[in-house]
Amino acid sequence: MGCPPELLDDLADVIDDLRGWPDVVERKPGIFYARRLPFLHFHLFEGVRRRADVRGRAAWVSIDLPRPLPATKRRELLRELRTRYRERTAGRSR
């Protein structure tokens, strides 16, 4: 099940930053594409457990996101987003 956007409020700064990345488009609230391909979306399990799924060039990576999000998990999510974004955009002309 997708995560309702109102349960992503503690990720607002991460999401706002992501909206400014080149070639990243938010097609629906909390659902992002990079270079027209799925890149990031969120799930909610059992009504309380959140997860981010981030896709690089070949595979999806899942990251558990407790609520509220601790600083260590925020850094992990940002690191994974940057890594997977570079995979998706490396070596491609704009």
Side-chain angles (χ1 to χ4, degrees):
M1 170 182 198
C3 186
E6 60 270 15
L7 295 180
L8 300 175
D9 59 340
D10 59 333
L11 295 168
D13 58 333
V14 174
I15 290 172
D16 286 344
D17 184 46
L18 187 59
R19 287 177 178 136
W21 292 11
D23 299 318
V24 173
V25 175
E26 187 175 20
R27 296 241 174 123
K28 293 181 182 177
I31 300 174
F32 292 87
Y33 282 65
R35 295 192 171 262
R36 297 183 307 269
L37 297 172
F39 176 60
L40 169 68
H41 60 266
F42 301 91
H43 292 280
L44 184 65
F45 297 97
E46 301 162 1
V48 293
R49 287 185 42 236
R50 294 184 304 177
R51 183 181 80 199
D53 288 340
V54 184
R55 184 157 191 203
R57 187 169 284 177
W60 289 96
V61 173
S62 296
I63 303 168
D64 287 323
L65 300 174
R67 185 175 161 86
L69 191 66
T72 55
K73 279 293 185 177
R74 179 180 307 282
R75 287 190 298 273
E76 178 185 347
L77 175 60
L78 283 169
R79 184 173 46 250
E80 198 63 48
L81 287 169
R82 288 181 185 122
T83 298
R84 301 303 167 191
Y85 177 76
R86 281 192 301 271
E87 285 178 6
R88 295 293 285 278
T89 59
R92 294 183 179 187
S93 61
R94 295 191 182 235

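Heavy-atom basis, side chains included; hydrogens, waters and symmetry copies ignored.
Interatomic distance, F32 CZ to I15 CD1, rounded to the nearest 0.5 Å: 5.5 Å. If you take NE2 on H41 and CZ on R51, they are separated by 7.0 Å, rounding to the nearest 0.5 Å. Atom CG of L77 sits about 11.5 Å away from atom CG of D64, to the nearest 0.5 Å. Distance check: L78 CG to D17 CG gives 7.0 Å after rounding to the nearest 0.5 Å. We find the CG-CD distance between L8 and E6 to be 8.0 Å, quoted to the nearest 0.5 Å.
In this structure, E87 and R57 approach most closely via the heavy-atom pair O-NH2, 2.8 Å. Minimum interatomic distance between D10 and P66 (heavy atoms only, all atoms of both residues): OD2-O, 4.2 Å. For the pair L65 and A52, the tightest heavy-atom approach, listed with the atom from each and the gap, is CD1-CB, 3.6 Å. The minimum heavy-atom distance linking E26 with K28 is given by the pair CG-O, 3.1 Å. Nearest approach of G56 to R88, heavy atoms of both residues: O-CD, 2.9 Å. In terms of heavy atoms, L7 sits closest to R50 at O-NH1, 2.7 Å.
Note: the hydrophobic cluster containing L18 does not contain Y33 (ILVMFWY, side chain heavy atoms under 4.5 Å, direct or indirect links). Hydrophobic clustering, with ILVMFWY side chains joined whenever heavy atoms are under 4.5 angstrom apart, keeps V14 apart from I31. Both L40 and V24 are assigned to one and the same hydrophobic cluster, defined by single-linkage of ILVMFWY side chains at heavy-atom distances under 4.5 Å. Taking hydrophobic clusters as Ile, Leu, Val, Met, Phe, Trp and Tyr residues chained together by side-chain heavy-atom distances below 4.5 Å, L69 shares a cluster with L81.
The aromatic rings of F39 and W21 are tilted relative to each other, their planes meeting at an angle between 30° and 60°.
In this structure, the side chain of D53 does not engage the main chain of W60 through any donor-acceptor pair within 3.5 Å. Although no hydrogens or angles enter the test, the distance criterion places no donor-acceptor pair under 3.5 Å between the side chain of R55 and the main chain of L37.
Applying the side chain to side chain contact (heavy atoms under 4.5 Å, CB included) test between P70 and each of R67, K73, R74 identifies K73 as the sole match.
Contact annotation: the side chain of P22 approaches that of Y85 to within less than 4.5 Å [non-hydrogen atoms, C-beta and beyond].
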